[in-house]
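The block underneath contains the structure these notes are about, expressed in structure tokens.
Keep in mind that what you see is a predicted model, and the values were worked out from it rather than measured.
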Amino acid sequence: MLVTPLPGVDRRALRDAMNHWRTEVFNLHGGGGRGDGYQRLLAYLRWATDAAHALGRLISVADVDRLVLTPRYGALLSGVGTLGATSVQSVANTLVSVELDQRVAAFDEACEALDQQISYWTGGEKYLVADTSVYIQHPTKLEDWDVPGLISMPPQEAFRLLVPIAVIDELDGLKQSKDRAIRWRAGYTLAVIDRVFKFRSRGPAVLSPHGPSAAAPDFPGSGGVTVEILFDPPRHVRLPITDDEIIDRTVAAQPLAAREVTLVTYDTGMSTRARATGLKVVKLAKDNGEEPSDGK
């Protein structure tokens, strides 16, 4: 249950904020079922309002709704005028206790996922996302890529290839292409990814233990390539255009990675839109050859 930071958010500030609001709701939950149920309700609503206001500057609206502004929050807020009656104090207390139980669990899960992701992304690797077009159109197949050459970096650098799940879905669709070469490249790429992640579902896996240069043989200190799948966050609604979705996931990865993530593509439309978001883009190109003459 990984949250999605807003662009420009510092991951350390996000982690501190998440831990703060988790502690606040845990302390509120620690009161158990004791005391005035209506006062507990008001205390919970104050926590929810303050947490939503603070976290709304750091994470996506969907994450705020999932962590704080839940359907039960809406029900309790709408019933605040009637739940103060003495006859329903026990009901109010029970509802608040159930909601606090779930908020503590949700924040625990989100904080753990955030800490885990930060621990994954603390090395010195250079990060890149390859558009589907690169897997299909590049002259060499995935395992033979000169990754430093893709983004004009020294061969001794270590690299992390991030693969949005939307790219995998698009490659799955291309296995049905009428073009034999496209079908083969899509199936091959998916087979490599499946093999690399055979024994793990999350976190980085080794794609190439050494870079294309024998000058830096020790991995992960330098020269290696790891690959990691970027899964959709909970309740994530994909953008209707897959290129926009891949750009969106790349932008969202930068705050968690605490570094620049380079997008590599052959598509002019994608590169143009990606640059407009502030991403660093490497636009690859194929030689179109000579202009056809008239009548040919």
Side-chain angles (χ1 to χ4, degrees), residues 120-121 123 125-155 157-175 177 179 181-197 202-212 220 223-232 238-239 241-254 256-257 259-286:
Y120 287 156
W121 292 4
E125 301 102 326
K126 304 297 181 182
Y127 281 36
L128 69 151
V129 169
D131 172 35
T132 309
S133 64
V134 183
Y135 295 100
I136 298 299
Q137 299 180 37
H138 198 271
T140 58
K141 59 186 187 294
L142 175 58
E143 289 174 296
D144 298 329
W145 279 1
D146 171 11
V147 175
L150 282 177
I151 56 176
S152 302
M153 294 295 295
E157 296 281 0
F159 296 88
R160 177 76 53 86
L161 175 63
L162 304 178
V163 185
I165 192 68
V167 169
I168 293 178
D169 292 339
E170 199 166 37
L171 288 169
D172 262 323
L174 290 174
K175 289 192 300 182
S177 172
D179 187 307
I182 292 176
R183 286 201 312 271
W184 187 92
R185 187 64 77 85
Y188 157 81
T189 302
L190 291 169
V192 171
I193 292 173
D194 187 57
R195 172 175 54 78
V196 166
F197 287 97
R202 288 186 176 272
V206 175
L207 177 64
S208 172
H210 308 301
V225 179
T226 56
V227 59
E228 182 170 354
I229 298 173
L230 297 181
F231 291 95
D232 290 344
R238 288 189 181 179
L239 297 172
I241 300 175
T242 303
D243 283 359
D244 290 339
E245 176 67 21
I246 295 169
I247 292 170
D248 181 70
R249 293 296 86 210
T250 305
V251 170
Q254 289 192 137
L256 286 172
R259 73 200 73 187
E260 187 175 63
V261 179
T262 302
L263 178 67
V264 187
T265 182
Y266 276 95
D267 294 345
T268 301
M270 168 172 266
S271 64
T272 302
R273 292 195 294 273
R275 289 190 183 98
T277 69
L279 282 175
K280 179 181 178 181
V281 179
V282 172
K283 169 68 166 58
L284 304 178
K286 286 187 173 181

Can D172 and K175 be said to form a side chain to side chain contact (heavy atoms under 4.5 Å, CB included), step by step?
-> CA-CA 5 Å; D172 262 323; K175 289 192 300 182; 3.2 Å; yes
Steps toward side chain to side chain contact (heavy atoms under 4.5 Å, CB included) verdict (V206, V196) = CA-CA 7 Å; V206 175; V196 166; over 6 Å; no
Working for side chain to side chain contact (heavy atoms under 4.5 Å, CB included), residues L161 and V147 | CA-CA 9 Å; L161 175 63; V147 175; over 6 Å; no
Apply the test side chain to side chain contact (heavy atoms under 4.5 Å, CB included) to residues L284 and Q137: give CA-CA distance (whole Å), side-chain angles for both, the deciding distance (0.1 Å), then the verdict.
-> CA-CA 10 Å; L284 304 178; Q137 299 180 37; over 6 Å; no
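Looking only at side-chain heavy atoms (C-beta outward), D169 and R238 come within less than 4.5 Å of each other. At a threshold of 4.5 Å between non-hydrogen side-chain atoms, the residues T250 and L162 do not count as touching. The shortest side-chain heavy-atom distance between L150 and V282 does not fall under the 4.5 Å cut-off. In this structure the side chain of T262 never reaches within 4.5 angstrom of the side chain of K126, judged on heavy atoms. Between L263 and M270, some side-chain heavy-atom pair lies under the 4.5 Å cut-off. The shortest side-chain heavy-atom distance between E245 and D232 falls under the 4.5 Å cut-off. In this structure, the side chains of L207 and F159 stay at 4.5 Å or more apart for every pair of heavy atoms. Using a 4.5 Å cut-off on side-chain heavy atoms (C-beta onward), D179 and R185 make no contact.
For the atom pair H138 NE2 and T189 OG1, the distance stands at 12.0 Å (nearest 0.5 Å). The CD atom of E228 sits 7.0 Å away from the CZ atom of F197 when rounded to the nearest 0.5 Å. Rounding to the nearest 0.5 Å gives a distance of 10.0 Å between CG of D146 and CD1 of I151. The CD1 atom of I136 lies 11.0 Å from the CG atom of L142; values are rounded to the nearest 0.5 Å. In this structure, the separation between CD1 on I193 and CD1 on I168 is 4.5 Å, given to the nearest 0.5 Å. Distance check: Y135 OH to E170 CD gives 11.5 Å after rounding to the nearest 0.5 Å.
Note on residues 131-144: pairs passing salt bridge (charged side-chain N to carboxylate O under 4.0 Å, His left out), not counting sequence neighbours, are K141-D144, E143-R195.
Remark: of the listed residues T132, V163, I182, T132 is the sole one forming a side chain to side chain contact (heavy atoms under 4.5 Å, CB included) with L171. Partner R273 forms a side-chain hydrogen bond (donor to acceptor under 3.5 Å, both in side chains) with one of T268, D244, D267 and no other, that one being D244.
A side-chain donor-acceptor contact under 3.5 Å links R183 to the backbone of S177.
Under the ring-ring contact (aromatic ring centres under 6.0 Å, His included) criterion, Y127 pairs with W121, sequence neighbours left out. Remark: Y188 pairs with W184 by the ring-ring contact (aromatic ring centres under 6.0 Å, His included) rule, at least two apart or across chains.
What you find for V261 and Q254 is that their closest heavy atoms are N-OE1, 3.0 Å. Nearest heavy-atom pair across I246 and A166 is CG1-CB, 4.4 Å. In plain terms, the two heavy atoms of A274 and I247 that are nearest each other are N-CD1, 3.7 Å. Nearest heavy atom pair, residue K286 against residue Y266, reads CG-CE2, 3.9 Å.
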